[in-house]
Amino acid sequence: MESLYILIPISVVLVFIIGVLFWWSLRNGQYDDMEGPAYRMLMDDRDEGRPGADEAATPQVGRGADAKKCD
């Protein structure tokens, strides 16, 4: 029972610290771009020097694989 007198204040302080860290991360934009890193991971660094590399690196949302053949 005596351990509760120590554990409860420690847990309240820990929850407060976690809340402050979460609030800080929201205010600094840590969760703004959730899809960008996923697309950046798929882009090939070797394509940057070729002409038309920007078109190839842009994902075609909602279009099939043969989208450039049909245009």
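Heavy atoms only: backbone and side chains are in, while hydrogens, waters and symmetry mates are out. Just so we're clear, the structure is a prediction, and the values are computed from it rather than from any experiment.
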remark   = Between Tyr39 and the options Glu35, Met43, Met41, the side-chain contact (heavy atoms from CB on, under 4.5 Å) test singles out Glu35

task = Just jot down the side chain to side chain contact (heavy atoms under 4.5 Å, CB included) partners of Ile18, sequence neighbours excluded, or say none.
result = Leu14

request  = Starting at CZ of Arg40, measure out to CG of Asp33 and round the result to the nearest 0.5 Å.
outcome  = 6.0 Å

Single-linkage hydrophobic cluster Met1~Ile8, side-chain heavy atoms < 4.5 angstrom = yes

request  = Determine whether Val13 and Leu21 fall in the same hydrophobic cluster, where Ile, Leu, Val, Met, Phe, Trp and Tyr are linked whenever their side-chain heavy atoms lie under 4.5 Å apart.
outcome  = yes

key: Distance in Å, Leu4 CG paired with Ser11 OG, rounded so as to fall on 0.5 Å steps   = 9.5 Å

